[in-house]
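This report refers to the structure that appears directly beneath it.
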Number of protein chains: 2
Amino acid sequence: MDSKVVSLRSKLEIYKANSGGGNIADCPVRDVIQGISNKWSSLLMMALAEKPYRFGELRRLVPDISQRMLTQTLHDLQRDGYVHREVFPTKPPSVEYSLTDLGRSMFGPLHQLLQWAELNHGAVRAARTAFDAADA
Amino acid sequence: MDSKVVSLRSKLEIYKANSGGGNIADCPVRDVIQGISNKWSSLLMMALAEKPYRFGELRRLVPDISQRMLTQTLHDLQRDGYVHREVFPTKPPSVEYSLTDLGRSMFGPLHQLLQWAELNHGAVRAARTAFDAADA
DNA sequence: AGTGCTGGTCTCTTTTTGAGACTTATATAA
DNA sequence: TTATATAAGTCTCAAAAAGAGACCAGCACT
């Protein structure tokens, strides 16, 4: 219990103290988390955790993502090592995206968070409704 | 094992099939996840999981957040029910932010993800370096 | 010859974020 | 007394990011 608090403190205040001239903005945990804390990353991870998908399949699976952001998010996930991109020499060429070992490893804890969201979206919606009613 | 795959499938394809005219954009899991998948939410949750903080303390703890985004992110976290805001009648009045029960509940799985990031940021950095070297 | 499929890129517009001045009331310092 | 600091924001303007949609090349099918 206390160990959790200590480990948290280390990530913020003690991190700042330990890293001589280092800014907390350079914190490696932030660096990693911010790569997956954006609108589309977790959704695409969720899709690719199920099975590999092609570019067009992902676009149809997530109809409200723009082609531009699908390209860019997949590129970023590939760069961070979560996603593998493979081009098949069909006519026209098709591209398949799949999770790497690192991607599957990261999806473990991410999946826990997704499950929490599934279980608790009722509570979150209720909180929003109450909050919006309060200042009305 | 298979149950994980099935539960994933249900969130994407089967969700779409089950929710008659519903769009996958309305998916409640997405709704909740997108509330915490932004640049500052997880960082502030991390800080407040350690202990309650006042507005100015948070600003000093995270020096690269703008006052504007700190206000807005705390407001959104409060609206979603993760954070409690309390005003103390000091002169000038001070405001303390703390996690609610729902916030602490959500921080459980979030903390798992943060720990993964701490353990694996080396691998992510290495992947980035390799990727950037490849197309150079 | 025209149409559609592939996986993108390019441009333009709208939205979001960042930087920084400004606020109101009180306390402290010069 | 006048100046300065502190609290928690808000306001405005500039910059960055995201969304919408046209456009591209090469090949298959009609």
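None of the values given here were measured: they were computed from a predicted structure. Residue numbers begin at 1 in each chain, while the letters A, B, ... track the order of the sequences.
Extent of DNA chain D lying under 4.0 Å from chain B heavy atoms, first and last nucleotide in 5' to 3' order, is D/dT6 to D/dT12.
Applying the side-chain contact (heavy atoms from CB on, under 4.5 Å) rule to A/Arg128 yields the partners A/Val124, B/Asp31, B/Arg79, B/Asp80; only residues at least two apart in sequence or on another chain are considered. In this structure A/Thr100 satisfies the side-chain contact (heavy atoms from CB on, under 4.5 Å) test together with A/His84, A/Leu102, sequence neighbours excluded. Residues forming a side-chain contact (heavy atoms from CB on, under 4.5 Å) with A/Pro52 (at least two apart in sequence, or on another chain): A/Glu96, A/Ser98. For A/Ser41, the side-chain hydrogen bond (donor to acceptor under 3.5 Å, both in side chains) partners at least two apart in sequence or on another chain are A/Asn38. By the side-chain contact (heavy atoms from CB on, under 4.5 Å) test, A/Arg68 is found to be paired with A/Ser66, A/Gln72, residues two or more places apart in sequence or in another chain being considered. For the side-chain hydrogen bond (donor to acceptor under 3.5 Å, both in side chains) test, residues two or more places apart in sequence or in another chain that qualify with A/Trp116 are A/Asn120, B/Ser105.
Judged by distance alone, the side chain of B/Gln78 and the main-chain N or O of B/His75 form no donor-acceptor pair under 3.5 Å. Here the side chain of B/Gln112 pairs no donor or acceptor atom with the backbone of A/Pro109 at under 3.5 angstrom.
Pairing each heavy atom of A/Gly103 with each of A/Met45, the nearest pair is O-CE, 3.5 Å. Closest of all the heavy-atom pairs between A/Tyr53 and A/Ala47 is CE1-O, 3.4 Å.
Sorted by first and then second residue, the pairs that involve residues 98-107 of chain A and meet salt bridge (charged side-chain N to carboxylate O under 4.0 Å, His left out), not counting sequence neighbours, are A/Asp101-A/Arg104.
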Show each protein N/O and nucleotides 28-30 of chain C N/O combination with a separation under 3.5 Å, one pair to a line.
none

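Of the inter-residue distances, the one linking A/Leu43 atom CG with B/Ile33 atom CD1 reads 10.0 Å to the nearest 0.5 angstrom. Atom CG of A/Leu58 sits about 5.5 Å away from atom CG of A/Leu48, to the nearest 0.5 Å.
In terms of position along DNA chain C, the nucleotide closest to A/Pro92 lies nearer the 5' end than the nucleotide closest to the other residue of the pair A/Thr71 and A/Pro92.
Atom P of nucleotide C/dT6 and atom CZ of A/Arg54 are separated by 6 Å, given to the nearest angstrom. Rounded to an integer number of Å, the gap from NZ of B/Lys91 to C1' of C/dA25 is 9 Å.
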>> So if I define the base as every atom that isn't primed, P, OP1 or OP2, how would nucleotides 10-20 of chain C read as a B/S/- string at a heavy-atom cutoff under 4.0 Å?
In response: -B-----BBB-
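With contacts defined as side-chain heavy-atom distances shorter than 4.5 Å, the pair B/Tyr97/B/Leu44 does not qualify. The side-chain heavy atoms of A/Glu50 and A/Leu99, taken from C-beta on, include no pair separated by under 4.5 Å.
Annotation: the terminal axes of the helix from C/dA1-D/dT30 to C/dA30-D/dT1 meet at 20°, where each axis is the rotation carrying the C1' atoms of four end pairs onto the next four (5 pairs per end, rounded to 10°).
Within 4.0 Å of B/Tyr97, counting heavy atoms only, lie sugar-phosphate atoms of the nucleic acid but no base atom.
The stretch residues 79-86 of chain A does not touch DNA chain D, since none of its heavy atoms comes less than 4.0 Å from the strand.
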